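Remarks on the structure that follows.
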Amino acid sequence: MRIRVIGAGAVGTVLATHLVRAGHAVRLSIREADLPSMQSVRHLRVDRVTGGPPLTVDKPPLSTGMDLHDVDAAFICVKHPDLRSVLDGLGPTIPSGCALIPCQNGVGAAQRIRQRFPASDPVAATVMFNAQTLQPLHARVTTEPTLLLRSGDPDLLSLFNGSGLRVRRVRGEGAAWGKLLLNLANAICALTHSSFHDVVSNDDLKTCFTSALDEAVRVLQAAKAPYRLPASMPYPAFRLLLDRAPSLALRASAFHRTASSHAYPSMVADMVQGRPTEIDQLNGEIVRLGELSGIDTPVNSQLVAMIRMREGRQPAEFLAPAELRQSLAAAG
Ligand SMILES: NC(=O)C1=CN([C@@H]2O[C@H](COP(=O)(O)OP(=O)(O)OC[C@H]3O[C@@H](n4cnc5c(N)ncnc54)[C@H](OP(=O)(O)O)[C@@H]3O)[C@@H](O)[C@H]2O)C=CC1
Ligand SMILES: CC(C)(CO)C(=O)C(=O)O
């Protein structure tokens, strides 16, 4: 198929590499400012902490445009704050044969696309792996790559066949909300420069995470929002596991089956680089839903406020885990 991958950061590089391996005609849309550093690179490369040699493929054609004519599917792999610039770049309408596949964390990207292009029918994707950019067009994955697609289209579901990336079909928003619950740890990691592994092995960080989680689950239940944890177990069982055997809880969360101490959530990179974060689409989503449902969300509100206060600062300033715990306890 003819595929455009928009945004060649961590997720875009991993998806493009697997799509080329699957034999598709891939084009990469990048920013003009990134042309010099990416033009000089010859291959896409994905290092795998999970084992096996790096995956390398010839670099697909790069472009600074986003023309979707003659494109069967377009993966949108930019962060939420950049989604608007992408939608602006897509032109007035989406060609009818082109499936738009937003890959952002959270639950709102497909809706934003639908509002902008009412005739489009975006296919929400939930990225169930952890990736970081090491060099331009060179990423590292620390978990087995899996993608969840809210689509029954056999062509889309088989896009990655033979590439080493698994695709699973999901129905409804349950998986995306479940993933969002795990992403509540992103802010905790971003405030303390910690990995996912640290969140379950350090008592202060784990307390911060479980209080954000407990609050979010209360909100989702009150709002009757369906959620399905990646660990495919009910929340009370997951919570017990987090308390008693945290490494098992991580392993049970499908996409962290092989998580390692390298697995820094994407928001950590945002803080280090002084970029805007996705806090509004993660903990902020819980705060918004809490307001609608009449449930207080002091812990997630405090996380949102703390990230907002620090994002964009260079050099980034981080808290000690105990300081963050104290600050959340005072708020809650
Ligand atoms: N990394 C991960 O492990 C995971 C990420 N996700 C989600 O995937 C999405 C992407 O994350 P990630 O890959 O980490 O982010 P990155 O910042 O690594 O990559 C985003 C890329 O998009 C580029 N970009 C931004 N705006 C445009 C534009 N208008 N045109 C072309 N390129 C553009 C950025 O360029 P520049 O750097 O120059 O701004 C950057 O190269 C996020 O929403 C995140 O929530 C989900 C699960 C896991
Ligand atoms: C859950 C996690 C941490 C996996 O990479 C993620 O989605 C992110 O980094 O944003």
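Numbering of ligands and ligand atoms starts at 1, following listing order. None of the values given here were measured: they were computed from a predicted structure.
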Return all side-chain donor-acceptor pairs below 3.5 angstrom for residues 309-319, not counting sequence neighbours, or 'none' if the list is empty.
from	atom 1	to	atom 2	distance (Å)
R310	NH1	M306	O	3.3
E311	OE1	T277	N	2.8
E311	OE1	T277	OG1	2.7
R313	NH1	E317	OE1	3.0
R313	NH2	M309	O	3.4
Q314	NE2	V272	O	2.9

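- With S266, S195, C189, G106 as candidates, the residue nearest to atom 10 (O) of ligand 2 on a non-hydrogen basis is S266.
- Side-chain contact of H80 with N105: a donor-acceptor pair under 3.5 Å is absent, judged by distance alone.
- To the nearest 0.5 Å, the span separating CZ on R27 from CD1 on I6 amounts to 12.5 Å.
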Less than 3.5 Å apart, which donor and acceptor atoms pair up between the side chains of residues 65-76 and the rest of the protein, not counting sequence neighbours?
from	atom 1	to	atom 2	distance (Å)
D67	OD1	H69	N	3.0
D67	OD1	H69	ND1	2.8
D72	OD1	R2	NH2	2.8
D72	OD2	R2	N	2.9
D72	OD2	R2	NE	3.1

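- Close to ligand 2: K179, with a non-hydrogen atom less than 4.0 angstrom away.
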I'd like a table of donor-acceptor pairs (distance under 3.5 Å, sequence neighbours excluded) in which one partner is a side-chain atom from residues 281-293, with atom names and distances.
from	atom 1	to	atom 2	distance (Å)
N283	ND2	N300	OD1	3.0
R288	NH2	D280	O	2.9
S293	OG	L289	O	2.7

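- Counting atoms of ligand 2 from 1 in the listed order, those under 4.0 Å from a heavy atom of F129 are 4 (C), 5 (O).
- Side-chain N/O atoms of Q221 and Y227 include a donor and acceptor closer than 3.5 Å.
- Of all the heavy atoms of N186, the ones lying under 4.0 Å from any atom of ligand 2 belong exclusively to the side chain.
- Proximity of F196 to ligand 2, defined as any heavy-atom pair under 4.0 Å, is confined to the side chain (atoms from C-beta onward).
- Within the 4.0 Å heavy-atom criterion, the part of N105 lying near ligand 2 is the side chain and not the backbone.
- Between L303 and the options L184, N186, L191, a side chain to side chain contact (heavy atoms under 4.5 Å, CB included) holds for only L191.
- A donor-acceptor pair is defined here as one N or O able to donate and one able to accept, closer than 3.5 Å; no such pair exists between the side chain of S327 and the backbone of E323.
- Salt-bridge annotation for D47 and R140: absent, with no side-chain N of the basic residue lying under 4.0 Å from a carboxylate O of the acidic one.
- The atoms of ligand 2 that sit less than 4.0 Å from any heavy atom of N183 are 1 (C), 2 (C), 6 (C), 7 (O), 8 (C), 10 (O).
- Ordered by chain and residue number, the residues placing a heavy atom less than 4.0 Å from ligand 1 are G7, A8, G9, A10, V11, S29, I30, R31, D34, M66, C77, V78, K79, D82, S85, V86, C103, Q104, N105, V127, F129, N130, A131, T133, K179, S266, R275, E278.
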